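Everything below concerns the one structure shown next.
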Amino acid sequence: MELLPVEVVGNILSHLGVARDVMIASAVCRKWRDACRRHLRLLSFNSNDFPRDMTTRQLEIVITQTIFQTMGLQRLSIHIDNTHEFSAAPVIAWLMYTRETLRSLSYNVRTIPNVSILEKCGRQKLEVLDLELDHNTITGVEPSYQRFTCLKSLSLRHVSILALDLSLLVAACPRIESLALDVLEVVTSELQSTMELTSHTLKSLFAKSVGVDKIILDADNLEVLHLNALNLDLFELNGKGTLKHFKIDDVSVTHLDIGDNTDHLEAVDVSNFTIVWPKFYSMISRASNLRMLRFWGVVFDDEDEIVDSETIAVSFPLLRHLSLSYELRDGLLHYSLQGSSLLENVSVLELGWTVISEHFGPWVFGMIGRCPNLKKLVIHGVLSETKTREDRQMLASFTSFIVCVMRKYVHVDVQFEYE
């Protein structure tokens with residue numbers, strides 16, 4: 001260790017990350033103290049890493065002393081729980097001291113009064129900004145001043161923001177590639193709230209629990225779209241057809257329009273979603289390059305609608321990973337085995353039930369028979385705590401059935417995941 005250059009020691013200590021560990025390591029010798037001061041690139045402060053009896057004032061002092069002993073920090077993470085409320089002055093001092101070299105900031109600190117992170121970090125070299133503000137409001141975004149010319153990733157969690165300010169903030173990031181909006185209260189003056197975002201560089205959007213009625217997104221280069229826990233009247237995506245990964249989870253939307261963005265789709269993941277199958281199928285049917293398809297906990301708007309394996313095989317010939325949950329309502333299986341086409345390229349098959357029935361085993365057997373090159377089968381099931389005698393017998397019968405399947409398809413790796 002004595003022969004290592006001080007720069008290498010600094011790089012090693014940067015991989016520790018946790019400020020408490022770095023502080024302990026810096027006490028080893030003068031060389032390590034020098035490495036921490038001149039070559040440390042990453043520091044992470046979390047209130048869980050410190051004794052619970054530490055006061056807010058003591059935490060402020062420890063964080064301030066540690067940060068001020070460094071030169072050239074590039075990544076800084078500060079997450080303090082709600083039991084601590086810091087003074088604004090030391091927080092501003094941390095940001096002003098590090099902002100010239102900082103590339104990544106992850107921040108969740110309650111202060112009195114509130115500190116404008118955008119104002120302190122704008123026009124700097126930040127590439128990653130992750131803000132969790134405990135439902136505090138971001139107001140008065142000024143793109144000409146609070147401009148993030150290097151920012152590539154922006155995450156806003158538990159934040160309240162005006163719809164116009166959010167639009168201006170995205171516009172103030174001319175190189176943004178990833179945007180995550182998690183539990184966001186979007187304030188508008190309209191009776192029906194609308195969030196409109198425009199970015200020609202955005203590649204990934206994650207939106208969860210965003211309090212609006214309409215989302216209109218103009219993004220010419222969007223590749224990943226993930227919508228979660230939303231209740232919308234409208235979602236509209238306008239772009240140049242670059243979308244590759246499309247995921248919907250626990251979403252209610254009256255009108256879903258992703259335009260002509262389906263030609264290059266490689267993965268479609270739909271779960272806990274009410275679907276009009278003909279309309280949804282027409283939207284994704286041109287995705288001839290689709291590699292992964294997942295329908296899980298999907299409710300069909302029309303009880304007579306079905307998703308048949310023939311349609312999947314013909315429409316998505318390159319499909320490798322298929323996941324279907326067993327849906328049986330009023331005696332009608334919504335994922336049927338119609339036709340004779342094979343799923344030639346499917347190597348991973350995930351099948352599951354919410355309520356098991358006697359038809360589940362034969363359906364599994366039929367699906368396996370459609371996949372001549374299958375390598376892995378994953379069975380997902382839900383097991384209730386109290387079971388009737390019939391339920392236990394049905395589960396035992398299914399277990400025996402799967403044993404027979406495993407004997408016949410010895411080359412297939414079979415796994416079980418039960419809830």
Side-chain angles (χ1 to χ4, degrees), residues 1-112 115 117 120-121 124-134 136 150-158 178 180 182:
M1 290 297 292
E2 293 178 358
L3 300 178
L4 286 178
V6 67
E7 295 87 353
V8 175
V9 176
N11 189 36
I12 293 172
L13 295 178
S14 295
H15 281 76
L16 287 177
V18 178
R20 180 194 58 190
D21 297 338
V22 173
M23 292 163 58
I24 294 172
S26 67
V28 169
C29 62
R30 183 181 302 171
K31 182 177 181 179
W32 283 31
R33 284 195 296 274
D34 187 45
C36 286
R37 187 180 75 255
R38 295 196 292 129
H39 301 289
L40 194 67
R41 298 293 176 259
L42 168 64
L43 269 181
S44 175
F45 298 91
N46 191 304
S47 50
N48 294 329
D49 295 330
F50 295 94
R52 293 187 177 183
D53 57 355
M54 282 190 72
T55 66
T56 301
R57 180 60 178 162
Q58 288 173 327
L59 270 177
E60 287 180 357
I61 294 173
V62 168
I63 296 175
T64 302
Q65 289 179 338
T66 307
I67 290 178
F68 278 30
Q69 288 174 8
T70 66
M71 299 169 57
L73 272 183
Q74 295 181 0
R75 296 171 59 191
L76 178 61
S77 175
I78 309 175
H79 287 261
I80 307 299
D81 61 42
N82 292 335
T83 60
H84 297 282
E85 200 166 44
F86 287 2
S87 301
V91 175
I92 293 174
W94 307 337
L95 298 175
M96 298 297 287
Y97 181 77
T98 59
R99 68 176 186 170
E100 299 257 338
T101 59
L102 213 55
R103 298 293 185 272
S104 173
L105 174 63
S106 182
Y107 176 92
N108 178 22
V109 182
R110 293 183 62 186
T111 61
I112 301 177
V115 175
I117 302 296
K120 302 304 177 185
C121 299
Q124 301 302 319
K125 300 176 182 178
L126 269 183
E127 297 177 3
V128 178
L129 181 58
D130 180 355
L131 299 180
E132 183 174 351
L133 300 182
D134 192 32
N136 286 340
C150 299
L151 199 69
K152 294 182 179 180
S153 177
L154 174 63
S155 298
L156 299 177
R157 290 175 287 126
H158 297 278
S178 175
D182 188 356

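This one's a predicted model, so the numbers in the text were calculated from it and none came from an experiment. This chain uses plain numbering: 1 for the first residue, then up along the sequence.
- Nearest heavy atoms, Thr64 versus Pro90: OG1-CB, 4.1 Å.
- What you find for Glu85 and Thr56 is that their closest heavy atoms are O-CG2, 3.6 Å.
- If you take CG on Leu126 and CZ on Arg103, they are separated by 8.5 Å, rounding to the nearest 0.5 Å.
- Atoms CD1 and CZ, from Ile117 and Arg99 in turn, are 12.0 Å apart once rounded to the nearest 0.5 Å.
- Between Met23 and Val62, some side-chain heavy-atom pair lies under the 4.5 Å cut-off.
- Taking the side-chain contact (heavy atoms from CB on, under 4.5 Å) definition, one finds that Thr98 meets it with Ile67, Leu73, Leu76, Leu102, sequence neighbours left out.
- Phe45 and Phe50 have parallel rings, their planes meeting at less than 30° on a 0 to 90° scale where 60° marks the start of perpendicular.
- Counting heavy atoms from C-beta outward, Cys121 and Leu129 have side chains that stay 4.5 Å or more apart.
- The two residues Leu16 and Ala25 come nearest to each other via the heavy atoms CD1-CB, 4.2 Å.
- Of the possible polar contacts, none joining the Ser44 side chain to the Gly17 backbone as a donor-acceptor pair under 3.5 Å is found.
- Shown here for Gln124 and Cys150, the closest heavy-atom pair between the two residues is O-SG, 4.3 Å.
- For the atom pair Leu59 CG and Ser47 OG, the distance stands at 7.5 Å (nearest 0.5 Å).
- Residue-environment remark: CE (Met71) stays at or below the threshold of 12 foreign heavy atoms within 6.0 Å.
- By the 4.5 Å heavy-atom criterion applied to side chains, Val109 and Val115 are not counted as neighbours.
- Proximity of Thr101 to Arg41: side-chain heavy atoms (C-beta onward) are nowhere separated by under 4.5 Å.
- Side-chain contact between Val22 and Thr66: absent, with no pair of heavy atoms (C-beta onward) separated by less than 4.5 Å.
- In terms of heavy-atom proximity, Met96 sits nearest to Lys120 at SD-CD, 4.2 Å.
- Open room surrounds CZ on Arg57; 12 or fewer heavy atoms of other groups in view lie less than 6.0 Å from it.
- Residue Leu43 holds its CG atom at 10.0 Å from CD1 of Ile63, rounded to the nearest 0.5 Å.
- Using a cut-off of 4.0 Å between Lys/Arg side-chain N and Asp/Glu carboxylate O, Lys152 and Glu127 are scored as not salt-bridged.
- Rounded to the nearest 0.5 Å, atoms CD (Glu60) and CE (Met54) are 10.5 Å apart.
- Note on Arg37 versus Asp34: salt bridge recorded, some NZ/NE/NH1/NH2 to OD/OE distance being below 4.0 Å.
- Tested against Arg157, the residues Asp130, Leu133, Leu131 include a single side-chain contact (heavy atoms from CB on, under 4.5 Å) partner, Asp130.
- Across all their heavy atoms, His39 and Ser14 have their closest contact at O-OG, 3.8 Å.
- For the pair Val91/Ile78, no side-chain contact is recorded, criterion being any heavy-atom separation below 4.5 Å from C-beta on.
- Considering only heavy atoms from C-beta on, Asn11 stays 4.5 Å or farther from Glu7 through its side chain.
- Trp94 places a side-chain heavy atom less than 4.5 Å from the side chain of Phe86.
- The structure places CH2 of Trp32 at 12.0 Å from CD1 of Ile24, a figure rounded to the nearest 0.5 Å.
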